[in-house]
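To start, the structure under review is shown below, and the notes come after it.
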Number of protein chains: 2
Amino acid sequence: MPVPTDEVERRVSQLATSLRGSGLRLTHQRLEVAREIAADESHPDVETIYRGVRKRVPTISLDTVYRTVAALVDLGLVGRVNENPGPTRYDANRERHHHYVCTRCGLIRDVYSDTLNGIEAPEQVSGLGTVESVRVHLRGVCKTCERKGNDSER
Amino acid sequence: MPVPTDEVERRVSQLATSLRGSGLRLTHQRLEVAREIAADESHPDVETIYRGVRKRVPTISLDTVYRTVAALVDLGLVGRVNENPGPTRYDANRERHHHYVCTRCGLIRDVYSDTLNGIEAPEQVSGLGTVESVRVHLRGVCKTCERKGNDSER
DNA sequence: GTTACTGCAAACTTTTTGCACGACA
DNA sequence: TGTCGTGCAAAAAGTTTGCAGTAAC
């Protein structure tokens with residue numbers, strides 16, 4: 001299930017507004033990188049974003065994608081996802097959510113749950129520092145990998 | 001608070017037994033890498049393990065540490081921790097636990113909580129695949145960073 | 001017209017791999 | 001003694017940076 005077109009456009013225009021608002025220039029490349037991330041709910045890495053954007057902007061370079069993604073992360077418009085070793089992946093979904101991760105293929109899916117959202121930090125944690133977010137990571141084997149029955153541990 | 005000596009030895013001997021049991025040779029290097037991870041609760045990366053082991057085994061090479069750590073992970077004796085971008089970190093603590101992560105300095109502390117252990121996957125997740133583990137990630141700013149008041153985002 | 005952004009190339013960091021010698025069982 | 005593991009070196013993968021030309025404002 002792809003991200004609905006209007007949701008993509010909503011995200012892109014929010015990204016555009018925020019870029020402009022923070023004094024950054026709204027270039028063709030940035031807009032297309034933003035669009036690519038907004039339309040991809042598979043939590044793509046930079047290489048994947050690069051391949052996608054190149055279909056529309058064949059001259060874009062990989063380092064521009066790196067720089068743009070870093071800018072979007074700094075602005076808080078995109079989240080970094082480090083569930084697995086290997087390339088960092090990115091997430092345009094800024095709604096509160098949790099993650100399901102397949103330990104075989106690395107698939108990451110967003111999980112929405114009021115129950116999980118309601119979890120509070122144990123009081124002992126206040127001795128360590130402030131708590132700004134509580135995220136649940138569910139790990140297992142996805143349906144596709146289970147069907148394949150293979151054991152490519154990633 | 002360092003890991004108590006007897007707990008370190010308990011972990012090391014378990015690692016030794018498992019290595020032998022799986023047909024791998026019990027070398028000086030492997031034993032010392034295992035000891036280093038077992039004694040370090042800061043979730044060290046390979047470079048840190050390497051520096052620690054070199055005090056006792058000055059001739060060990062970095063790639064041996066990489067290979068040993070990979071073997072320990074494959075045997076399920078050590079966990080991989082990917083809370084942040086940058087080098088992968090490792091965890092000798094195999095008890096069920098959760099993580100508190102400082103978003104400024106990258107500190108990772110283990111969190112034990114029966115409440116958090118009791119969390120169950122929402123039923124919608126069963127549509128995605130099996131669930132083998134449920135871990136809670138608490139992110140915030142640790143006491144030390146808060147005191148410093150600096151903003152080195154990491 | 002300025003200044004920030006891009007593309008290129010090179011560097012850097014983290015991790016993996018091939019090979020010959022040395023050490024464990 | 002045979003085989004697996006180690007150290008060395010080189011390569012691969014992922015990411016960052018300096019610079020000169022180009023495009024946004």
Side-chain angles (χ1 to χ4, degrees), chain A residues 15-37 43-51 53-54 56-75 78 80-90 106 152-154, chain B residues 15-37 43-51 53-54 56-75 78 80-90 106 152-154:
Chain A
L15 292 168
T17 306
S18 299
L19 278 173
R20 238 188 263 103
S22 57
L24 296 176
R25 288 180 184 175
L26 188 57
T27 63
H28 185 41
Q29 290 90 332
R30 284 183 176 159
L31 206 57
E32 291 305 326
V33 169
R35 187 184 312 281
E36 192 67 25
I37 301 178
H43 310 81
D45 59 16
V46 167
E47 189 69 37
T48 306
I49 297 165
Y50 175 56
R51 281 200 302 272
V53 174
R54 238 185 349 178
R56 281 168 278 129
V57 189
T59 58
I60 198 170
S61 70
L62 184 58
D63 38 284
T64 293
V65 178
Y66 270 106
R67 285 188 264 228
T68 302
V69 168
L72 297 175
V73 171
D74 285 350
L75 293 173
V78 161
R80 240 191 270 269
V81 180
N82 281 99
E83 299 283 352
N84 295 311
T88 298
R89 295 165 69 169
Y90 297 88
S152 53
E153 259 303 308
R154 94 134 280 145
Chain B
L15 292 169
T17 306
S18 298
L19 277 174
R20 237 188 264 104
S22 58
L24 297 176
R25 290 181 184 173
L26 188 57
T27 64
H28 185 42
Q29 289 90 333
R30 284 183 177 159
L31 206 58
E32 292 304 327
V33 169
R35 188 185 310 282
E36 191 68 25
I37 301 178
H43 310 80
D45 59 15
V46 167
E47 189 69 36
T48 306
I49 298 165
Y50 175 56
R51 281 200 303 271
V53 173
R54 240 187 345 180
R56 282 169 277 130
V57 189
T59 58
I60 198 170
S61 70
L62 184 59
D63 37 288
T64 293
V65 179
Y66 269 106
R67 285 188 263 229
T68 301
V69 167
L72 297 175
V73 170
D74 284 349
L75 293 173
V78 161
R80 240 190 272 267
V81 180
N82 280 99
E83 299 283 353
N84 295 310
T88 298
R89 294 164 70 168
Y90 298 89
S152 53
E153 261 302 311
R154 95 130 285 145

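To find a chain, count down the sequence lines: A is the first, B the second, and so on, and within it residues start at 1. Because the structure is a prediction, the values reported are computed rather than measured.
- For B:Thr88 and C:dT15, the shortest distance from a side-chain N or O to OP1 or OP2 is below 4.0 Å.
- Among the nucleotides D:dT3, C:dC8, C:dT17, the one closest to the side chain of A:Ser61 is C:dC8.
- The side chain of A:Arg25 approaches C:dC5 more closely than any other nucleotide in the set C:dT14, D:dT17, C:dC5.
- Annotation for A:Ile60 and A:Tyr50: closest pair O-CE1, 3.4 Å, computed over non-hydrogen atoms.
- One interatomic measurement links the two molecules: CZ of A:Arg67 to C1' of C:dA9, which rounds to 11 Å at whole-angstrom precision.
- Heavy-atom distances to DNA chain D give each of A:Leu62 and A:Thr27 a nearest nucleotide, and the one nearer the 5′ end belongs to A:Leu62.
- Nucleotides of DNA chain C nearest to A:Gly23 and B:Arg20 differ in position, and the one nearer the 5' end is that of A:Gly23.
- In this structure, CD of B:Glu47 is placed 10 Å from P of C:dT13, rounded to the nearest angstrom.
- Listed pair B:Tyr66 / C:dT16 fails the phosphate criterion, with no side-chain N or O lying under 4.0 Å from OP1 or OP2.
- At D:dA24, none of the side-chain N or O atoms of A:Gln29 fall inside 4.0 Å of OP1 or OP2 (strictly under the cut-off).
- At least one donor-acceptor pair under 3.5 Å links the side chain of A:Arg30 to the backbone N or O of A:Arg25.
- Atom CG of A:Asn84 and atom C1' of D:dG14 are 15 Å apart (whole Å).
- The closest side-chain heavy-atom distance from B:Leu75 to B:Leu24 is below 4.5 Å.
- D:dG7 atom C1' lies 13 Å from atom CZ of B:Arg54, rounded to whole Å.
- The separation between A:Asp74 atom CG and C:dA4 atom P is 17 Å, rounded to whole Å.
- For C:dC5, the OP1/OP2 oxygens have a side-chain nitrogen or oxygen of A:Arg30 closer than 4.0 Å.
- A:Asp63 comes within 4.0 angstrom of a nucleotide base, judged by non-hydrogen atoms across all strands.
- Rounded to whole angstrom, the span from the CG atom of A:Leu31 across to the P atom of D:dA23 amounts to 17 Å.
- Between B:Leu26 and A:Ile60, the one whose closest nucleotide on DNA chain C sits nearer the 5' end is A:Ile60.
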Practice problem: Would you check, one step at a time, whether the test side-chain contact (heavy atoms from CB on, under 4.5 Å) holds for B:Val69 with B:Val33? | Solution: CA-CA 8 Å; B:Val69 167; B:Val33 169; 4.1 Å; yes
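- The nearest whole Å value for the distance from the NE2 atom in A:His28 to the P atom in C:dG7 is 9 Å.
- Across B:Arg80 and A:Pro85, no two heavy atoms sit closer than the pair CD-CG, 3.5 Å.
- For B:Tyr50 and C:dT14, the OH to P distance is 14 Å, given to the nearest whole Å.
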